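Below you'll find the structure, written out as structure tokens, and then a few comments.
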Amino acid sequence: MGASDALRVNGGRPLTGEITVRGAKNFVSKAMVASLLGESPSVLRNVPAIRDVAVVGGLLELHGVGVDLDEDAGVLRLDPSRVETAHVADIDAHAGSSRIPILFCGPLLHRLGEAFIPDLGGCRIGDRPINYHLDILRQFGAVVEKRDQGIYIHAPQRLRGTKLTLPYPSVGATEQLLLTAVRADGITELANAAIEPEILDLIAVLQKMGAIISVDTDRVIRIEGVDRLTGYRHTALSDRIEAASWASAALATGGDIMVRGATQPEMTTFLNTFRKVGGEFEIDDVGIRFYHPGGELRSIVLETDVHPGFMTDWQQPLVVALTQATGLSIVHETVYENRFGFTDALRRMGATIQVYRECLGGRPCRFGQRNFFHSAVVSGPTPLRAADVEVPDLRGGFSHLIAALTASGTSTVHGIGLIDRGYERFTEKLGALGAEFTRI
Ligand code: EPU
């Protein structure tokens with residue numbers, strides 16, 4: 001699917017019906033990488049049919065891992081018994097398609113003593129540096145060399161456990177540390193770790209493989225390195241970002257969506273906010289029904305944060321619903337410095353949104369004195385009108401789609417190939433919810 005793909009959307013009608021979300025993109029890709037550490041095959045269930053899974057599967061195959069995916073059943077078998085060094089040119093062909101390659105480092109250093117990482121892609125939502133990752137690898141004793149097309153990393157001797165503190169509880173850096181420490185020599189202790197549910201599920205996978213890991217309530221993770229790990233059998237936790245995206249779509253369009261597979265514990269913070277805005281939900285054993293009860297939505301003050309805070313990835317879809325709320329909403333983005341670019345298109349569609357450099361809302365964050373437009377004030381309710389928009393990144397793109405579905409008239413959303421990276425069969429789901437659209 002090319003980035004030139006577009007969707008013509010006839011908006012202005014509520015989305016109603018039932019859809020299913022499967023495993024979390026931001027867990028499944030990491031669990032796939034973890035399989036490299038095992039000496040026997042792994043089986044992962046509840047795997048979504050998204051492009052990121054295909055990209056990571058392709059990278060694993062380049063390294064000699066047998067990858068067998070039954071897309072409909074959502075079952076992925078990974079056989080790492082013949083892991084080998086991939087050709088630099090082959091890996092480089094994947095450059096720009098994902099940020100996951102950086103997480104191959106620890107496992108490849110253990111298996112092969114070396115790793116090559118192409119220049120990294122991922123969503124355009126700020127600089128997204130990898131300095132924490134490289135610092136961690138160095139602390140374990142790896143040598144990092146910058147080369148023309150990427151980074152070459154090697155381990156002159158067995159990696160050894162270490163003690164470190166992250167400057168910020170980065171999800172990827174915490175995963176980097178876990179995937180490296182489990183087979184390093186001795187004990188590793190990480191302070192100020194990220195504790196997102198996807199990370200805890202990765203820890204569950206690693207424990208099934210034979211790792212020894214404890215997580216304290218004060219963001220300290222301790223790992224005792226072991227010599228060998230086996231494969232695992234695991235069912236992925238569900239995608240709380242996708243679930244919240246559909247919930248926001250229900251709210252913005254005045255609809256009613258049953259999201260099968262959505263789970264409450266991972267979404268507590270989102271559910272609180274959804275309720276404060278005026279959305280209603282019903283939770284049962286199979287999922288969560290999100291709906292607009294009629295009447296006015298309420299404006300809120302919202303701050304994104306690391307878990308257990310309000311996820312940055314929930315922010316963009318919810319902002320579209322906030323354009324329909326009465327009064328002034330304040331949104332302070334504290335995870336990424338540049339995650340309001342998507343609001344340009346919303347403004348063209350009639351939304352009243354101002355972005356600010358200052359930290360608005362509760363507390364100052366690390367972007368406050370640094371010239372980043374990382375706070376937004378949304379004034380509503382404003383009817384949205386149709387427009388031609390271009391998908392800027394995965395979550396911003398889904399927001400544009402929600403805005404097009406909310407707006408009266410016919411919008412064209414360009415570049416929807418990016419949405420396939422993380423939203424499984426989203427056009428099928430839109431169809432099931434009664435949306436009117438054509439893929440062009
Ligand atoms: N950061 C650094 N240096 C580093 C790594 C991170 O400064 O070496 C900074 C980032 O620039 C950012 C902050 O730390 O300001 C947090 O980034 P983090 O490392 O936590 O993010 P990530 O691991 O790159 C994952 C998800 C993102 C999600 C974030 C936060 C994956 C593949 N990606 O990214 O998901 O927004 O955690 O929860 O797991 C998405 O799904 O659309 C997406 C962007």
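Atoms within a ligand are numbered from 1 in the order they appear, just like the ligands themselves. These numbers come from a predicted model, not from an experiment. Only heavy atoms go into these numbers, but all of them, side chains included; no hydrogens, no water, no symmetry mates. Index from 1, following the sequence.
Only the side chain of Arg395 comes within 4.0 Å of ligand 1, judged by heavy-atom distances. Contact annotation for Glu333 and ligand 1: no heavy atom of the residue comes within less than 4.0 Å of the ligand. Looking at Arg339 against ligand 1, only its side chain comes within 4.0 Å, counting heavy atoms. Under 4.0 Å from ligand 1, heavy atoms of Val171 appear from its side chain as well as its backbone. At a heavy-atom cutoff of 4.0 Å, ligand 1 is contacted by the side chain of Thr312 but not by its backbone. For Glu175, no heavy-atom contact with ligand 1 is shorter than 4.0 Å. The proximity of Lys30 to ligand 1, defined as any non-hydrogen pair under 4.0 Å, is limited to the side chain.
Relative to the six-membered ring of Phe140, Arg160 misses at least one condition, a distance below 6.0 Å or an angle of at most 45° to the axis. For the pair Arg289 and Tyr291, the cation sits on the ring face: its NZ or CZ lies under 6.0 Å from the ring centre, inside 45° of the axis.
Pairs of residues two or more places apart, or lying in two chains, that qualify as side-chain hydrogen bond (donor to acceptor under 3.5 Å, both in side chains) and include a residue from residues 54-75 are Asp72-Arg425.
Between Phe270 and Phe290, the ring planes lie perpendicular to each other; the angle is over 60°, past the 30° to 60° tilted range. In this pair, Phe274 and Phe281 present their aromatic rings tilted. The plane angle is within the 30 to 60° band.
In terms of polar-atom proximity, defined here as any N/O pair under 3.5 Å, Glu196 makes no such contact with ligand 1. Checked by distance only, ligand 1 and Met311 stay at 3.5 Å or farther apart across all their nitrogen or oxygen atoms. No N or O atom of Glu337 sits closer than 3.5 Å to an N or O atom of ligand 1. Polar contact with ligand 1: absent for Ser29 (N/O pair, distance under 3.5 Å). An N or O contact shorter than 3.5 Å links Pro129 to ligand 1 by distance. Remark: ligand 1 and Ile241 share no N or O pair separated by less than 3.5 Å (distance only, no angle test).
Under the rule for a side-chain hydrogen bond (donor to acceptor under 3.5 Å, both in side chains), the partners of Arg240 that lie at least two apart in sequence or sit in another chain are Glu198.
Atom numbering of ligand 1 starts at 1 in the shown order; those under 4.0 Å from a heavy atom of Leu394 are 42 (O). Of all the atoms in ligand 1, the ones that sit under 4.0 Å from a non-hydrogen atom of His133 are 8 (O).
You'll find the ring centres of Tyr423 and Phe398 inside the 6.0 Å limit. Aromatic rings of His154 and Tyr152 (six-membered ring for Trp) have centroids within the 6.0 Å cut-off, being under it.
For the residues Thr304, Asn26, Ile136, the heavy atom positioned nearest atom 32 (C) of ligand 1 is part of Asn26. Residue Tyr336 holds the heavy atom nearest to atom 27 (C) of ligand 1 of all those in Tyr168, Tyr336, Phe27.
Within a 6.0 Å sphere centred on NZ of Lys276, other residues, nucleotides and ligands contribute 12 heavy atoms or fewer.
When the options Ile330, Val277, Ile353, Leu251 are evaluated for a side-chain contact (heavy atoms from CB on, under 4.5 Å) with Leu322, the one that passes is Val277.
To the nearest 0.5 Å, atom OG1 of residue Thr304 and atom CD of residue Gln316 are 9.5 Å apart.
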